[in-house]
Every structure is written in C-alpha cells, then in structure tokens.
Amino acid sequence: MSSVTLKGIYKKYAGGVTAVSDFNLDVEDKEFIILVGPSGCGKSTTLRMIAGLEEITMGELYIDGKLVNDVPPKDRDIAMVFQNYALYPHMTVFENMSFGLRLRKMPKDEIKRRVDEAAAILEIEHLLDRKPAALSGGQRQRVALGRAIVRNPKVFLLDEPLSNLDAKLRTAMRSELAKLHLKLATTFIYVTHDQTEAMTMGTRIVVMKDGFIQQIAAPQYLYENPANLFVATFIGTPQMNTCEGELSDEHGVTYLTFGDGCKVALPESKGRKPEVLAYAGKKVIFGIRPNDIHADEAYIAQYPDRVIESTVDMTELLGADTNLYLSNGEIQLTAVIPTGTTSCKMGDRIKVCLDTRKIHLFDYDTEKTITN
C-alpha cells in the first residue's frame with residue numbers, strides 16, 4: 001500500500017505569511033495525483049511537507065495510515081525528483097543512481113541488479129558509464145528518475161521535473177512518465193504549473209490558488225465542471241472566454257444578454273434550473289470555451305437563437321484548426337474552428353453560433369459556479 005493522507009495541513013512562516021491553508025487530500029494507492037496552480041500557490045511547499053523537507057505548522061500527515069509529522073525524511077520511504085535533477089557532476093550515471101543504496105550499505109550485487117533494472121525501464125543502459133555533463137536534458141531527467149526508482153519507494157514526489165526541457169522533449173517525457181507510472185504501479189504526487197501536463201497525466205488534479213485548494217477532480221470532469229471562475233480559466237487551452245452578462249426570464253425561456261446587444265437563449269436543461277432562474281434580472285459572469293463557438297453555416301442556420309455578430313480582429317492558422325479573435329463592443333472572444341469553415345479576414349463582421357449547452361455561469365460576486 002502507498003496511500004497518503006493530509007488532514008487540515010497549514011504552513012505558516014515567520015512574519016505571518018501563510019503558504020498553505022487547510023489542505024485536505026486522500027491520495028489512494030497507485031494514484032497519479034497532480035498539484036497544479038500558478039507560481040506561489042503553495043503546491044511545491046505542500047510537496048516538500050510530504051517529503052519532510054518543510055515542517056508542518058498545523059495538521060496531520062499520514063503515509064499508509066501512519067502519522068509521519070515527526071518522522072525524518074529518510075525514514076518516510078519516499079523518493080523525490082527535483083526540477084534541477086540534483087545530479088552529482090563528478091559521478092557516473094551508475095554512481096548517481098546507486099548513491100542512496102550505497103549509503104544504506106546494500107550489497108553490491110543487489111545494487112547492480114536494481115540499477116540495471118531501472119536503467120532498462122528508462123532505456124539508459126548505454127549511459128551508465130557517462131557523467132552528467134555528457135548527457136542531454138532528457139537523459140539527465142531519466143537518470144534523476146532512475147535514482148528514485150532504485151529505492152523502490154512507497155511514494156514518488158516529482159517537483160516540476162519537466163520544466164527545464166524544451167517543448168518537444170516535454171511532450172515526449174509526459175508520455176514516458178505516464179507509462180512509467182503504470183509499470184511501477186506505485187503512487188505518484190506531481191507538482192506543475194503547466195495545466196497541459198496536469199490534464200494529460202493525472203488520474204486526479206488538485207487545483208490550488210493562494211494556498212487553498214480550489215477543486216479536486218479527474219481531468220475531464222474538471223474541464224467540463226469547474227467549481228469556480230479561477231478553475232474555469234486556468235484549465236483549458238486556449239483559455240475559456242469570460243465576460244459579464246445578465247440573465248432574463250422571458251415567456252418560459254431564459255436568455256443571456258452581453259456585449260453590444262448580444263442575446264442568446266439557454267437550453268431548458270440549463271436555463272430552467274431553479275439555481276439559474278434565481279439569477280434572473282441579475283448580473284452574472286458567463287464563460288464559454290473557444291471550441292464551443294462555431295462559424296459553420298449549417299450550425300448557424302440550425303440554431304438562430306444562439307447566434308451573435310462579431311468583428312474579426314485577427315485570424316491565426318494552426319493547421320487543422322484556426323483561431324478566430326473576435327470583438328463585440330468591449331467583449332473579446334476567441335473561437336477555435338476547423339480550418340476552411342469560413343473565409344473571413346481581419347475587419348469582417350461575421351456570425352458565430354454559441355453552443356449554449358456548454359455555457360458556464362458564475363456568481364458575479366463569489367465567482368462560484370451556478371450551472372454545475
């Protein structure tokens with residue numbers, strides 16, 4: 001078993017700075033949990049508290065049901081992979097990977113077996129005699145992972161391990177880490193500020209802001225059902241479109257008005273919910289993802305009560321898709337449409353159709369969802 005439980009965890013520094021507040025999380029055996037959020041949100045501090053590198057100010061931390069608040073890092077049976085790899089430059093790859101085992105006075109044949117096994121998993125057998133200076137960034141990252149693997153820890157902690165790699169290598173290593181998690185069948189807790197990494201690797205994602213947990217959910221659920229405006233705009237690329245609007249109840253139909261006279265009807269399944277109708281006549285914040293704005297003529301003809309007119313500020317060809325940057329009064333919208341759907345150019349006025357089934361509504365003051 002490799003479960004981790006955090007109950008009411010706080011981290012406060014001298015001077016009254018609180019880095020983490022009331023953090024509660026149950027990490028199940030063999031889960032791949034991602035802590036994600038902007039810089040300074042407390043995710044790395046939380047990871048370091050799990051590792052024992054930061055003292056917990058308040059709360060309880062359990063590993064496999066055992067309280068470990070006062071257990072030193074070396075006795076927690078965890079392995080941590082750092083952002084900068086932390087390899088010893090004067091040692092070979094073999095020596096770097098085996099260093100922790102040698103400190104524990106493990107027999108030489110067992111050390112060699114473990115290092116060879118980890119090297120085979122990571123496909124770095126041919127690098128064992130090299131020193132870090134002779135390795136690429138991706139190879140150094142694999143060595144750092146190998147040093148953790150040889151210990152057979154209960155829990156792997158990974159702190160922004162891909163942030164020093166170039167874009168192409170990061171994409172490849174995301175896939176490799178996901179495969180590695182399946183091979184090792186143990187618990188991974190991974191910190192990143194990159195929501196793409198979070199969405200593609202985690203079994204569950206913990207979204208953090210200002211030291212507080214905003215939402216914990218599986219990637220797709222998080223994308224489709226954000227708990228508040230912060231989660232909605234943080235998760236998803238390009239970012240969700242958001243702006244102020246007002247709801248009205250007219251003859252049994254709920255309408256959303258926004259921008260320069262834009263007015264769309266909400267479907268009954270969304271607009272007639274009691275929690276939505278309670279906001280009739282009130283200001284709300286609404287959001288819609290760029291992929292849910294369509295410029296297809298057939299779609300526009302089929303749903304005339306979802307259509308708005310906007311000015312094309314810019315088009316961005318990205319191969320199979322094109323980004324349209326639109327404006328309507330002071331409202332700015334981004335749409336992602338299949339290339340060739342429209343032949344519009346900068347300055348054109350065009351009609352687009354909003355998939356109102358996918359619209360998100362948030363309380364204007366609290367920014368909490370009112371549609372999920």
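Values in this document were obtained by computation on a predicted structure and should not be read as measured data.
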For the side chain of Lys11 and the backbone of Glu55, is there at least one donor-acceptor N/O pair under 3.5 Å apart? yes
Looking only at heavy atoms, which two atoms of Asn328 and Gly259 are closest? And how far apart? OD1-C, 3.9 Å
With rounding to the nearest 0.5 angstrom, report the CD to CG distance, Glu160 to Leu35. 10.5 Å
Have Asp313 and Ser327 got a donor and an acceptor in their side chains that come within less than 3.5 Å? yes
Taking the ring of Phe23 and the ring of Tyr10, is the distance between their centroids below 6.0 Å? no
Can you see whether Tyr303 has Arg306 sitting over its ring - NZ or CZ less than 6.0 Å from the centre and within 45° of the normal? yes
Shortest non-hydrogen contact from Val231 to Val207? CG2-CG1, 4.1 Å
Lys7/Glu60 salt bridge by N-O under 4.0 Å criterion: no
How about Asp305 and Val264: do any of their side-chain heavy atoms sit closer than 4.5 Å? no
Here's one to test your reading of the geometry: is the NZ or CZ of Lys66 within 45 degrees of the ring axis of Tyr62 and under 6.0 Å from its centre? no
Please report the interatomic distance CZ(Arg140) to CG(Leu87), rounded to the nearest 0.5 Å. 7.5 Å
Side-chain heavy-atom pair Lys154, Thr187 within 4.5 angstrom cut-off: no
Considering all heavy atoms of both residues, which atom of Ile124 and which atom of Met97 are nearest to each other, and what is their separation? CD1-SD, 4.0 Å
For the pair Thr242 (side chain) and Gly287 (backbone), establish whether a donor and an acceptor sit closer than 3.5 Å, ignoring hydrogens and angles. no
For the CD atom of Glu176 and the CD atom of Glu123, what is their distance to the nearest 0.5 Å? 6.5 Å
Stepwise side chain to side chain contact (heavy atoms under 4.5 Å, CB included) check, Val71 with Leu61: CA-CA 10 Å; Val71 175; Leu61 172 65; over 6 Å; no
What verdict does the side chain to side chain contact (heavy atoms under 4.5 Å, CB included) test give for Val36 and Val206, after you've listed the backbone C-alpha separation in whole Å, the side-chain angles of each residue and the deciding distance to 0.1 Å? CA-CA 6 Å; Val36 68; Val206 180; over 6 Å; no
Search all heavy atoms of Phe362 against all heavy atoms of Glu367 and return the closest pair with its distance. CD2-O, 3.7 Å
Using a 3.5 Å distance criterion without hydrogens, assess whether the side chain of His181 forms a donor-acceptor pair with backbone atoms of Lys30. yes
With side chain to side chain contact (heavy atoms under 4.5 Å, CB included) as the criterion, how do Asn323 and Leu318 come out once you've worked through the C-alpha distance, each side chain's angles and the decisive distance to 0.1 Å? CA-CA 7 Å; Asn323 289 350; Leu318 299 173; 3.4 Å; yes
Output yes when a side-chain donor or acceptor of Thr92 lies under 3.5 Å from a complementary backbone atom of Asp129, and no otherwise. no
Could you please spell out the steps behind the side-chain hydrogen bond (donor to acceptor under 3.5 Å, both in side chains) verdict for Thr341 and Asp296? CA-CA 6 Å; Thr341 302; Asp296 181 84; 5.6 Å; no
Side chain to side chain contact (heavy atoms under 4.5 Å, CB included) partner of Val284, chosen from Thr371, Asp363, Ile370: Ile370
Taking all non-hydrogen atoms of both residues, which atom of Val155 and which atom of Thr186 are closest, and how far apart? N-OG1, 4.4 Å
How long is the gap from CG on Leu361 to CD1 on Ile288, to the nearest 0.5 Å? 10.5 Å
Could you check Ser269 against Arg357 for side-chain hydrogen bond (donor to acceptor under 3.5 Å, both in side chains), going step by step and ending with a plain yes or no? CA-CA 8 Å; Ser269 59; Arg357 298 168 302 172; over 6 Å; no
Does the plane of the ring in Phe188 sit parallel, tilted or perpendicular to the ring in Phe32? Use 30° and 60° as the thresholds. tilted
Hydrogens and angles aside, do Thr237 and Gln195 bring a side-chain donor and acceptor to less than 3.5 Å of each other? yes
Do Arg289 and Tyr223 meet the cation-pi criteria used here (NZ or CZ under 6.0 Å from the six-membered ring centre, within 45° of the axis)? yes
Using only atom types and a distance under 3.5 Å, with no angle test, would you say the side chain of Ser98 pairs donor to acceptor with the backbone of Leu101? no
Once you round to the nearest 0.5 Å, how far does CG of Leu333 lie from SG of Cys243? 6.5 Å
We want to know whether Tyr190 and Glu197 form a side-chain donor-acceptor pair, criterion being a heavy-atom distance below 3.5 angstrom. yes
Ion pair check, Arg170 and Asp166, cut-off under 4.0 Å: no
Could you see if Ile216 belongs to whatever hydrophobic cluster contains Phe212? Use Ile, Leu, Val, Met, Phe, Trp, Tyr and a side-chain cutoff under 4.5 Å. no
State whether Lys270 and Glu275 are salt-bridged, where the test is any N-O pair (Lys NZ or Arg NE/NH1/NH2 against Asp/Glu carboxylate O) under 4.0 Å. no
Decide whether Asp29 and Ser3 meet the rule of one side-chain donor and one side-chain acceptor closer than 3.5 Å. no
Take Gln214 and Asn228 through the side-chain hydrogen bond (donor to acceptor under 3.5 Å, both in side chains) test and state the conclusion after the steps. CA-CA 8 Å; Gln214 301 295 305; Asn228 56 41; 3.1 Å; yes
Thr57 side, atom OG1; Lys12 side, atom NZ - distance, nearest 0.5 Å: 7.5 Å
Could you check whether Arg349 pairs with Glu309 (Lys NZ or Arg NE/NH1/NH2 to Asp/Glu carboxylate O, under 4.0 Å)? yes
Treating Asp77 as the side-chain partner and Pro153 as the backbone partner, does any N or O pair qualify as donor plus acceptor under 3.5 Å? no
Using a strict cut-off of less than 4.0 Å between a Lys/Arg side-chain nitrogen and an Asp/Glu carboxylate oxygen, indicate whether Asp159 and Lys43 qualify as a salt bridge. no
Can Glu31 and Arg204 be counted as an ion pair, charged N to O under 4.0 angstrom? yes
Side chain to side chain contact (heavy atoms under 4.5 Å, CB included) between Arg113 and Glu117, worked out: CA-CA 6 Å; Arg113 185 191 69 78; Glu117 189 177 85; 3.4 Å; yes
Stepwise, does the salt bridge (charged side-chain N to carboxylate O under 4.0 Å, His left out) test hold for Asp348 with Lys345? CA-CA 6 Å; Asp348 286 352; Lys345 58 186 183 299; 3.8 Å; yes
Counting only heavy atoms not in Lys273 (residues, nucleotides, ligands), do more than 12 fall under 6.0 Å from its NZ? yes
I'd like to know if the side chain of Glu316 pairs up with that of Tyr325 as donor and acceptor (distance under 3.5 Å, no hydrogens or angles considered). yes
Can any side-chain N or O of Thr322 pair as donor or acceptor with the backbone N or O of Leu317 at less than 3.5 Å? no
So, does Glu110 use its side chain to make a donor-acceptor pair with the main chain of Pro107 at under 3.5 Å? no
Pair Glu95 + Arg102, salt bridge at N-O below 4.0 Å: no
Between Leu177 and Met201 the two heavy atoms that sit nearest each other are CB-SD, 4.0 Å
Answer with yes or no whether the hydrophobic clustering places Met49 together with Met208; edges join I, L, V, M, F, W, Y residues whose side-chain heavy atoms lie under 4.5 Å apart. yes
Do the side chain of Arg147 and the main chain of Ala86 share a donor and acceptor less than 3.5 angstrom apart? yes
Main-chain N/O of Asp194 paired with Thr192 side-chain donor or acceptor, under 3.5 Å: yes
Group every Ile, Leu, Val, Met, Phe, Trp and Tyr by side-chain heavy-atom contacts under 4.5 Å, then state whether Leu354 and Leu266 land in the same group. yes
